[in-house]
Protein chains: 2
Amino acid sequence: MEKSDLLRIAGKRIQQLREQKGLTQVDLAGKIQGEFDTTNVSRIESGRTNPTLYTLHRISEALEVSLSELLAI
Amino acid sequence: MEKSDLLRIAGKRIQQLREQKGLTQVDLAGKIQGEFDTTNVSRIESGRTNPTLYTLHRISEALEVSLSELLAI
DNA sequence: CCTTGACTTGTCAAAAATGTCAAGTATGGA
DNA sequence: TCCATACTTGACATTTTTGACAAGTCAAGG
């Protein structure tokens, strides 16, 4: 799979899980451990950035799913 | 979970899967799509670096497991 | 010993993620 | 129309990953 496709699909998955929980991007950024701006949520969901493992981990915690589930793509 | 713990555990998992396949770090780096140095394999397995999603994806392809399986940690 | 293979560690440049802020678009309700 | 909410986008500094190379450790075998 191409990098751009991977990032786009992973972003869609995160967006999907976020919306399932009824959270806005602002809500999600607020739930994430440490500093996290809504800018980053937007960039990740749209596949414009290539998040690190730690970032994915923090997102999975905020969405209350495992990393495995988050990346079941 | 702390960042350092996450990276250490993910690294161990990658090492475990690599060894299960009977591959050396050099073998794995060679199987990975695109350019990939053994230096990076070592740094990731020891938890000294925080790999990106795309890097994890390429590793999972080389180890012939899904991203989900790779990150079942 | 000496060599080879496997891995680690240091440094470096280039590219990119992260964190922050400001400004833009779009939608829906008062 | 005005305002608030939600999201996108651009720019910027800081930090870090990635990729490349060289040198180091360590163990097994000749």
Side-chain angles (χ1 to χ4, degrees), chain A residues 1-65 67-68 70-71 73, chain B residues 1-65 67-68 70-71 73:
Chain A
M1 200 199 309
E2 259 189 62
K3 180 176 177 180
S4 59
D5 292 323
L6 173 74
L7 300 187
R8 200 174 33 72
I9 292 169
K12 279 264 178 238
R13 170 96 179 126
I14 289 169
Q15 181 182 19
Q16 203 174 60
L17 289 166
R18 173 176 63 80
E19 290 175 347
Q20 266 176 31
K21 306 273 177 180
L23 302 173
T24 66
Q25 290 185 351
V26 176
D27 294 334
L28 179 58
K31 285 192 74 178
I32 291 176
Q33 186 194 39
E35 304 301 333
F36 211 95
D37 202 81
T38 55
T39 306
N40 292 326
V41 178
S42 179
R43 289 191 283 218
I44 291 167
E45 285 192 359
S46 60
R48 256 172 294 117
T49 210
N50 180 17
T52 63
L53 177 56
Y54 181 54
T55 291
L56 293 167
H57 167 73
R58 285 185 295 165
I59 291 173
S60 80
E61 277 187 329
L63 291 174
E64 299 169 40
V65 298
L67 249 180
S68 254
L70 190 75
L71 296 175
I73 55 180
Chain B
M1 200 198 311
E2 260 190 62
K3 180 175 175 181
S4 59
D5 292 323
L6 173 74
L7 300 187
R8 199 175 33 71
I9 292 169
K12 278 263 177 243
R13 170 95 180 125
I14 289 169
Q15 180 183 19
Q16 202 175 59
L17 288 165
R18 173 177 63 78
E19 290 175 346
Q20 267 176 32
K21 306 271 175 182
L23 302 172
T24 66
Q25 290 185 350
V26 176
D27 294 334
L28 179 59
K31 283 192 75 178
I32 291 176
Q33 186 195 39
E35 305 302 332
F36 211 95
D37 203 82
T38 56
T39 306
N40 291 326
V41 177
S42 178
R43 290 192 282 218
I44 291 168
E45 285 191 0
S46 60
R48 255 172 294 116
T49 210
N50 179 16
T52 62
L53 177 57
Y54 182 53
T55 293
L56 292 167
H57 167 72
R58 284 185 296 163
I59 292 172
S60 79
E61 278 187 329
L63 291 175
E64 299 169 39
V65 298
L67 249 180
S68 254
L70 189 75
L71 296 176
I73 53 181

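To find a chain, count down the sequence lines: A is the first, B the second, and so on, and within it residues start at 1.
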From [atom1] of [X] over to [atom2] of [N], roughly how many Å is that when rounded to an integer?
X       : N      : atom1 : atom2 : answer
B/Ile59 : D/dT17 : CD1   : P     : 13 Å
B/Gln25 : D/dA27 : CD    : C1'   : 15 Å
B/Glu35 : D/dT17 : CD    : C1'   : 16 Å
A/Glu45 : D/dC7  : CD    : C1'   : 9 Å
A/Asp27 : D/dT5  : CG    : C1'   : 11 Å

Students often get this wrong, so: under 4.0 angstrom with heavy atoms, is [X] touching a base, only sugar-phosphate, or nothing?
X       : result
A/Asn50 : sugar-phosphate
B/Arg48 : sugar-phosphate
A/Ser46 : nothing

Most 5' of B/Thr39 and B/Thr49 on DNA chain D, judged by nearest nucleotide: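 Nearer the 5' end of the strand: B/Thr49.
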Pair of N/O donor and acceptor under 3.5 Å linking D/dC7 base with A/Thr24 side chain: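 Looking at the base of D/dC7, it does not pair with any donor or acceptor on the side chain of A/Thr24 (distance under 3.5 Å).
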base_contact_polar (D/dG10 base, A/Arg43 side chain, donor-acceptor, <3.5 Å):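 There is none.
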Along DNA chain C (nearest heavy atom to each residue), the more 5'-positioned of A/Thr38 and B/Thr52: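 Counting from the 5' end, the first nearest nucleotide belongs to B/Thr52.
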Contact nearer the 5' end of DNA chain C, comparing A/Phe36 with A/Lys3: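 Here A/Lys3 is the residue nearer the 5' end.
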With distance as the sole test, does [X] use its side chain to make a donor-acceptor pair with the main-chain N or O of [Y] at under 3.5 Å?
X       : Y       : result
A/Thr55 : A/Pro51 : no
B/Arg18 : B/Leu23 : yes
A/Asn50 : B/Thr52 : no
A/Ser68 : B/Ser68 : yes
B/Arg43 : B/Thr49 : no

Given side chains that start at C-beta, do those of [X] and [Y] come closer than 4.5 Å, heavy atoms only?
X       : Y       : value
A/Ile9  : A/Met1  : yes
B/Lys31 : B/Glu64 : yes
B/Lys21 : B/Leu17 : no
B/Val41 : B/Val26 : no

Covered region of DNA chain C, 5' end to 3' end, by chain A [heavy atoms, under 4.0 Å]: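 It runs C/dA17 to C/dC21.
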From D/dA20, D/dT18, D/dT8, nucleotide with atom closest to B/Asp37 side chain: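 For the B/Asp37 side chain, the nearest candidate turns out to be D/dA20.
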Inter-axis angle, terminal five-pair segments of the helix from C/dC1-D/dG30 to C/dA30-D/dT1 [nearest 10°]: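 End-to-end axis angle for the helix from C/dC1-D/dG30 to C/dA30-D/dT1: 20°, rounded to 10°.
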